[in-house]
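Notes follow once the structure below has been shown.
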Amino acid sequence: MISLFSHYPRHLSIQQVPGFLFVCNAHGQACVLRRRAAAVVELWKWGREQGVVGLDVVKAVVVGKEEEEEGEGLGLVAQRAIVQGEDVVSVPETLWINAAAIDDSVIAPFCQGLKTPWLRIALLLLHEKTNPNSRWRPYLDALPLALDSPLFWSNEELEELQGTQLLGSVAGYVDYVEKEFNKLFQDVIQANPQIFDPNVFTLEAFLWVFGILRSRTFVPLTGNDLALVPFADLVNHGARIREETASWVKKSTGLFWKAEKNTNMLVLRAPINFLPGEQVLMQYGRSKSNGELALDYGFVEGHSMGSSIRESLSLTLEISETDRFADDKLDIAELNGLDRSVQFDLLRGQGPPDTMLTFLRLTSLTGADAFLLEALFRNSVWGHLSLPVSHDNEEAVCLTMLNGLQAALAGYSTTTEEDIDLLDRGGLSKRKEIAIVIRLGEKRVLQELQTWFEGRMAGLDSLEYYAERRLRDLGLVDDTGSMTPWVLCFLLP
Ligand SMILES: C[S@@+](CC[C@H](N)C(=O)[O-])C[C@H]1O[C@@H](n2cnc3c(N)ncnc32)[C@H](O)[C@@H]1O
């Protein structure tokens, strides 16, 4: 038995807290943007005082129309021509919100046992947010309050994601944040209410910080070096940026013989040329799927972009524990760097990956083909499985996939045609459009796979299988598949 698709709850219960953290309607969005645009004036003043370089090269503005819910929020616009590779803005580490800032803060003693970098930063960010005299005040005032990642959608909005893998990921992320928060609440917050007001350090607030960190931090300031960098985090994503070179670059400045004067800078480097008045953009990740873009940043590259590279889906296949050959199959999988359960990333337009087909043949191996599982074949079996093994095995692979694909497609509440029609008609809210682009993309990948496996099923009789290949390798059949004359002589009475 193969478990094809991970099953996730279809309905989630994610509470949205009205008020200071989340303001979610279109009108609220416009107000928030106006407030943020005003806060940016103070931010620029603060940045100049604090030694940020390049604040005359770019200006922060509301991108698109303020009243438009669909906009990109704030963005950086070039005030003069900027050339590819130029250091646009450089922000000294003294302004970053990172591990070093925590060490300098009153909350440092409470963070000592905390291993997870984002939780430590969450504590600092929320602590500073409630401090009117915070040294990051102008930055904190310019941060968005509402985020469009599905982590922050209402249940009604999440309904639009019914059947999608993204919905499962949303549930997984919320669950993760909740577990981390509960532990932190017990170990740190509850025990120190004089420092961490339990009315401020709530699950909703942590989810907001989680969303802020996922949407505003970039390599190399991720993982253990996680840092929020004011100014540099105002750069938006440009689908047209094809360059893979990093736009966030960490630089050490100063004189090497005056080591104590050295300071780290985060440089926002131009990935391409920008004309005066053009928005300065970076590439958030060429290999990110629309699902990942939605989860991390709250936007997708829509179907109008005419590109399918963002349409993808992960498929988890596994060796059933009840399979009588499970141990041998697992042994072979492990010998080839895989596990009992393997996740495959499927991209639109690319068909099933070769490793997935090989793994599927392994999981489906049974009956007369099971001789390939014998120890004698242990080192060569993976190579044999990379090509069709037998009619029965290949048929089992196709049937398993087709059944799984059909079940997955049945989980969506709309058809591809309905989704395309909705997108073509337009007038959708930002979140609804994200949901439609996601479910359409997933369905297209699934349907493409369906077509591929149906085609394979129809052509089972014309495939070459292990037995024929073996005869050919031994020179017992020629390239056309006919028995060589001496074998025929031997076989004929
Ligand atoms: C690093 S911040 C960039 C600054 C942000 N626009 C702001 O208002 O503060 C990333 C966020 O900007 C928005 N964003 C960036 N690029 C976008 C794009 N191409 N389309 C829509 N929204 C975008 C998303 O809300 C994303 O989560």
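Note that ligands are numbered from 1 as they come in the structure, with each ligand's atoms numbered from 1 the same way. Fair warning: this is a prediction, and the values are worked out from it, not measured in the lab.
- Between R439 and T414, the side chains place a donor N or O and an acceptor N or O closer than 3.5 Å (distance only, hydrogens not considered).
- Here CG of L143 is found 9.0 Å from CG of L234. Values are rounded to the nearest 0.5 Å.
- Close contacts of ligand 1 with R36, meaning ligand atoms under 4.0 Å from a residue heavy atom, involve 7 (C), 8 (O), 9 (O).
- Taking distance alone, with nitrogen or oxygen atoms compared against 3.5 Å, D296 stays at or beyond that limit from ligand 1.
- Between S314 and L346 the shortest side-chain heavy-atom distance does not fall below 4.5 Å.
- Of the listed residues (H237, R240, E301), the one carrying the non-hydrogen atom nearest atom 19 (N) of ligand 1 is H237.
- Shown in contact with Y297 at under 4.0 Å from a heavy atom are these atoms of ligand 1, numbered in order with element: 24 (C), 25 (O), 26 (C), 27 (O).
- In summary, the atoms of ligand 1 found under 4.0 Å from a heavy atom of N236, numbered by their order in the structure, are 3 (C), 4 (C), 5 (C), 6 (N), 12 (O), 13 (C), 14 (N), 15 (C), 16 (N).
- Between D148 and ligand 1 there is no heavy-atom distance shorter than 4.0 Å.
- The number of heavy atoms from other shown groups lying within 6.0 Å of CD (E156) does not exceed 12.
- Counting only non-hydrogen atoms, the option in Q279, E72, M282 that gets closest to atom 18 (C) of ligand 1 is E72.
- Among F299, Y297, F218, the one residue that satisfies the ring-ring contact (aromatic ring centres under 6.0 Å, His included) test with H237 is F299.
- The only option from V235, V57, V267, L76 that meets the side-chain contact (heavy atoms from CB on, under 4.5 Å) definition with V88 turns out to be V57.
- When heavy-atom distances to ligand 1 are checked against a 4.0 Å cut-off, L143 has no atom that comes that close, whether in backbone or side chain.
- Using a 4.5 Å cut-off on side-chain heavy atoms (C-beta onward), L428 and E160 make no contact.
- Near S215, the atoms of ligand 1 lying under 4.0 angstrom from a non-hydrogen atom of the residue are 1 (C), 2 (S), 10 (C), 27 (O).
- Residue G73 has no nitrogen or oxygen atom sitting less than 3.5 Å from a nitrogen or oxygen atom of ligand 1, judged on distance alone.
- Between R216 and ligand 1, at least one N/O pair is under 3.5 Å apart.
- Residues E86 and R80 are paired through a salt bridge, judged by an N-O separation under 4.0 Å between the basic side chain and the carboxylate.
- Heavy-atom proximity to V235, at under 4.0 Å, picks out these atoms of ligand 1: 1 (C), 3 (C).
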